[in-house]
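Heads up: the structure comes next, in C-alpha cells.
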Amino acid sequence: MNSNGLHHRVAALMRERNWATMTKVQELALEPILKGRNTLIIAPTGFGKTEAAILPILSKMMDEGCKPVSLLYITPLKALINDITIRIDWWASKLGLLVNRKHGEVPQKEKNQRLKRVPHILVTTPEGLEIDLDWASRFRENYKNVKWVIVDEIHEIVGSKRGAQLFILLERLKEFSGTDFQRIGLSATVGNPKFVASTLFGSSTRQRSIVKIDEKKDFSLVVRKVDEGNNVWSDSAKAIEESIEPPTLIFTNSRFLTERLHEELERLGKSNIYVHHSSISRDSKATAEESLRAGKAQAVLCTKTLELGIDVGKIKKIVLYRPPPSVASFLQRLGRSGHCVGGIPKGEIICVQNFDCLEALAIYNLSRKGVVESPRNGSPLDVVSREILGMVLQYSSIDAERVYRVITSSFLYRKLKRSDFQRLLDYLAKNNLIQREGDELRLGKSFFRIWTFKKDRNFSWSRSFSEFFSLINNDDTFVLRYNDRPIGEIDAIYVYKHIRPGDLLRIGGKLWRVSKIHNGKLSIELVPAERGEGEIPVWKGEGVPKSHLLPMEIQSILSDFNNSLKSQVLDQKSREELSKLMEPYLTRGAPLPNSSIVYVEKIGNETVYSTLIDEKVANTLAHMLLYVATSKHSLNVYARASIYGFSISVTERDLLDELLNVKGNRLKRLILKAILRSPLFVSVQKEIQVSFGKIGKLDPREDSLVIREALRQTVMRYFSIKKTLSFIDKLRKGEIRIVHVEPSTPLGEAVLSHAPIRPWISGIQALLYDVLKGGAYTLSELSEVLSIPPKSLEVKLKQMRRADSKYRVTSFIDVDSRETRWCLIDELKTFASSDEFYTSFAPINGEETLIASLRPLHGSSTSEVIFKPNQILENPEDFTKKIPMDEIGELKIVDPVDPMVCNMSPRYYFVRRDVIPYLLLNASAYIQNMKYT
DNA sequence: GACCTGCTGCGGTATG
C-alpha cells in the first residue's frame, strides 16, 4: 500500500510514467473509489477522468485479487473503445491483466479469443452488453465475476433511450451476477449531477459520492459578426479564413454547412482543410483525424462528430460557425483545445444573423455563471419491451414477476405500475412476441420474423437480428431523383414538415423543383429549375433545437442592455450589430423584447407574434394555430416556431386571439388534436411500434398502448402542454401583454428566418375511407368531422372516384336537400335501397322515357341508352348489360325534346358500370322532383 | 427537429 492509498505496483507504474502529481479530479476521486463507493466524476475534458477511475480500480484489483471479467468499461463510441483499450492496456498489461474490447467492427478473430482467454477488463458499448446478456450464452457466465462497472461519457447517453437501456442492463447484470458491483460514472459538466448519479447507481445499496470539479478552465473567447457583402458564403469563408490558426477545429451546426464552407474556402485558395461529419466515408474521416494529429491540417470543418473525446492531437483554436445550440456543446467544443500545453484555449464564435450575436453572448454568459443544461430522461416503454424480450432470450423461460422486479429496480422505471406492466405483457403476447404459460414468459413466434437472420427479408417490416440490440433509430429518408437518377437524400421528417410539390430546393449547387412526392416509395421526383422565388433554404438549418436556457438569458441580457454591451467578448462589429438590433425598439419607446410582452405584427402574408419564449411552447402554439387555420381556411398555410416567437400565414384574422376564446377542456383537446396531426407524432409511432411487435397500420382500438406511448414520447420531445396552457392563461389575464406594432420588429423578422412548418394530412384518403364507411355525407359534414377545409376535401374526393383509386368513392344527389353526398362506390347500392335515402332513388314517374348519355374515359364519342326508370327498378343487374363500357368518364341524362332536362341533369364522373342503374335512378328522381314539385 | 451514436454467438465444417 502506498501513501496515497494506491497499490505499490500501480504507484510504481505512475513513477515509470513520470506522473509526479495527480490532477485534482484524480486526487478527489481516489478516496471514494477505494472505499468502494458508487462515484460520479464530473469534470471538463482533459482533466484525466479515465485515469481517475481506472487507477484506483486497478489498485483494488491488485489488492483484492480478481477473476475475469471483473471490470466492465462502457463507452458510447466505437472509436473511444479503441482509444481507451490502448490506454488501459498500458497499465493493465504491466500488472498482468488482460484487456479486451468488443464492438461491431472488432475482427471476428479477436472476438473469438475471449472465450479461450477470458479478459479481466472488457471495454464495450451499451449494445455490446445487451448482446452479451441476451445472446452470448457461454461468455456471459464470466459476467458473474464483475465487481466494477465504469460508464464513460455518461452525459452523452443519460437523457436518451440508450441510457434507459443501459440502466436496465446494469440491473439485469446485478441480478444475474448476484453482486452489488461498484458503479462509477464519468461525465462532462451537467446541470443535474444528482439525477445522473441516481440513474446510474440505480438499486445499488453502496454509499454514493459525487466528485465535481467546479473550477472553470480558463479560455478566451471572441464573438464576431460576419461583414455583410453580397454573398453570405464568401463573406463567411473570409471571416473563417481570418480566424484560422493552425491547427483549428471549425464547428458548424449542420453537415451541409461544413461542405459548403469547405468549397468556399478552397475557392479562396486555402488548402489542407478537411471535412469531418457522419455522412463521409470512414477513410476520409480517418484521413482528417490523422492529418490533425500529424499537424498537417490547417483546419478541419466538422459537426458534432468531433465533439466527443476522440484524440485529435493538439488543437490551437476552436472556431464556432454560428452559435452552438447549448451551453453543454459550447463547453465540449471549446474543451477540444484543452490539451493545449501552456496557453489557454482560444475560441471564436462567428455570427451570421444579427440575433446570432444575442445567442452567442447568452451562451457565453451562462457558461461563465456555470449554468449548463440538465439532461432528462423519461421512462420510454419501447425500451422496457426490448428488455423484457432480452431477458426472455437470456433465460429462455422466465417468471414475469422476476422481470418486473428487475426492471423496476432501475431508477428510471421505479414508478412503472404493475398494472401497466401487465398490459404491456398482454400486448406483447397478442402480437406474438412472447407467449405465456401461467406466469412463465417464453419467446413468441413473431420474434424471429421481425428480427430475422435471413438476408432476403421476408417482408418489409423485418429487421436484421443485430438491430434488436440497438435502440438507436434509423429514420426514414426520402431519395431525391431526377429521371430515376438519385440526386440526394432528405430525412423523411423534414419532408413531412417542410417540403411540398412545387418547392424549389438547392442540392449539390443546383436548383431543382419538386414535381412529385411519393410517400409510399419514400422518393421525390425533381426537375431542374431556373432561379425563382420561394427557394427552400434547407441549409439554413434553423430547425436546430436551442437550449431552453436561452430565452431567459437573452431576456436578462436585454434587461440590462447597456451593461451587456460592455461584455469583453464582443468585438466592435458584433457590439454595433447588437445595438442596431435593439435600436428600433428604443427609438419608438417600446420595451425591449421580454417574455411578458408579445408583439403582434403583420409581415407579408404572415401574422408574427414575437416574444422570448420556450421553443417547445412556441412549437405547440404554432401547431395549434396551424390546426385552427387548416380547419377553417385551406391546407395551403404554414406556421413557424422559434425562441423569438411564432407565426401563422393568415392575416385576415387574429388566430391567437381566437385561441384565447377557447376555454377549458376544449383548449386541451385542441392542443391534443394539433399534436396528433403533426408529422412528428407519425414518425414517433413508426419509430417505436416494432419494439412492441406491431406491424403495419395502427388501429386506435387494438393498438391504444402504442398510440398512447407514442403520444407521450412526442409531447415530451417536441411540445409542452402545461407551459402552453399557462402561457395562454397569462395572455388572458393580461399578465403577458399583447401589443400590436407596425412596422415589424427585428425579432419578428428573426422568426421569419425559421423554416415554415406545413400541414401534412397523412393518409387523408384512408382517413376519408374510414369516415365514409357505412355512410353518405356532404362536403360540409365531412369537413366538420375531419377539420379539413371542404375545398381540400373536394379535391381529394375527386381523385378518389377514379378507377385506379385504392379507396374508390362516388357521389349522388340528395333529392331532399339538393346537396351532393359522397359514399364508397361499393356501398351505393345499399343506400339506393335504404330508407334513409329512399326519395333520392325513387323516381316519381317510373314510366317516363329518358335517355342516358355516356362518355367513355377517353375520347368524346358518346353512347346513348334509352330507358324507363321502372325497367331499372325491375332488374338493375340486367340493366347493366345494356351499358356498352366498363368505365364511364361522364354520365348524364339528356332529352332531345326537352333541353331543360339536359340542363337539370346531375352529372356523374368516373363511374363504374355496375353503379350506373342506381345513378340513373338518382338522376331521374332528381329531375322529376324538380319538374313536378 | 440537427446532429450523433450502434448492430449475433458458438461450434461446426472444409481448406491450406
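First the proteins, then the strands, lettered A, B, ... as listed; each starts at 1. Values below: every heavy atom of this structure, side chains too, minus hydrogens, waters and symmetry copies.
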Is the distance from OP1 or OP2 of dA2(B) to the nearest side-chain N or O of Thr303(A) less than 4.0 Å? no
Arg717(A) near the nucleic acid: base, sugar-phosphate alone, or nothing, with a heavy-atom cut-off under 4.0 Å? base
Measure the shortest side-chain to side-chain distance between Leu261(A) and Ser236(A) over non-hydrogen atoms and say whether it is less than 4.5 angstrom. yes
Assign Ile472(A) to base, sugar-phosphate, or nothing according to its heavy-atom contacts below 4.0 angstrom with the strands shown. base
Looking at Arg162(A), does any N or O in its side chain come under 4.0 Å of the phosphate oxygens OP1/OP2 on dC4(B)? no
Does dC3(B) have its OP1 or OP2 closer than 4.0 Å to a side-chain nitrogen or oxygen of Arg255(A)? yes
Hey, could you give me the OG/CD distance between Ser329(A) and Glu373(A), rounded to the nearest 0.5 Å? 7.5 Å
Please report, rounded to the nearest Å, how far the P atom of dC3(B) is from the CG atom of Leu308(A). 16 Å
Expressed in angstrom and rounded to an integer, what is the separation of His276(A) atom NE2 from dT5(B) atom C1'? 13 Å
If I take atom NZ in residue Lys109(A) and atom C1' in nucleotide dT8(B), what distance separates them, rounded to the nearest angstrom? 20 Å
For Phe465(A) and Phe448(A), take the angle between the two ring planes, folded into 0 to 90°, and tell me which bin it lands in: parallel under 30, tilted 30 to 60, perpendicular over 60. tilted
Ile74(A) CD1 - dC7(B) P separation (whole Å): 11 Å
Tell me whether the OP1 or OP2 atom of dG6(B) has a side-chain N or O from Thr125(A) closer than 4.0 Å. no
Scan Leu680(A) against the nucleic acid and name what it touches under 4.0 Å (heavy atoms): base, sugar-phosphate only, or nothing. sugar-phosphate
Ignoring backbone atoms, test whether Arg140(A) places a side-chain nitrogen or oxygen under 4.0 Å from the OP1 or OP2 oxygen of dG9(B). no
Check this for me, if you would: do Glu359(A) and Arg322(A) make a salt bridge, where the nitrogen-to-carboxylate-oxygen distance has to be below 4.0 angstrom? no
For Tyr143(A) and Phe176(A), I'd like to know if the aromatic rings sit close, meaning centre-to-centre distance below 6.0 Å. no
Heavy-atom nearest nucleotide on DNA chain B for Asn112(A) versus Pro76(A): which residue maps closer to 5'? Pro76(A)
Quick one: label Lys161(A) by what it contacts on the DNA or RNA (base, sugar-phosphate, nothing), any heavy atom closer than 4.0 Å. nothing
To the nearest angstrom, the CD1-C1' distance between Ile154(A) and dT5(B) comes to 16 Å
Measure from CG on Asn619(A) to P on dA2(B) and round the result to the nearest Å. 12 Å
With nearest nucleotides of DNA chain B determined for Leu115(A) and His103(A) from heavy-atom distances, which residue corresponds to the more 5′ nucleotide? His103(A)
Just checking Ile157(A): base, sugar-phosphate only, or nothing, at a heavy-atom cut-off of under 4.0 Å? nothing
Residues Arg255(A) and Thr303(A): side-chain donor-acceptor under 3.5 angstrom: no
Quickly work out the His277(A) NE2 to dC4(B) P distance and round it to whole Å. 8 Å
Does a side-chain N or O from Lys102(A) land closer than 4.0 Å to OP1 or OP2 of dG9(B), or not? yes
Tell me which nucleotide among dC10(B), dG6(B), dA2(B) gets nearest to the side chain of Glu467(A). dG6(B)
Take atom CG of Leu80(A) and atom C1' of dG6(B), then tell me their distance rounded to the nearest Å. 13 Å
Just checking Tyr718(A): base, sugar-phosphate only, or nothing, at a heavy-atom cut-off of under 4.0 Å? base
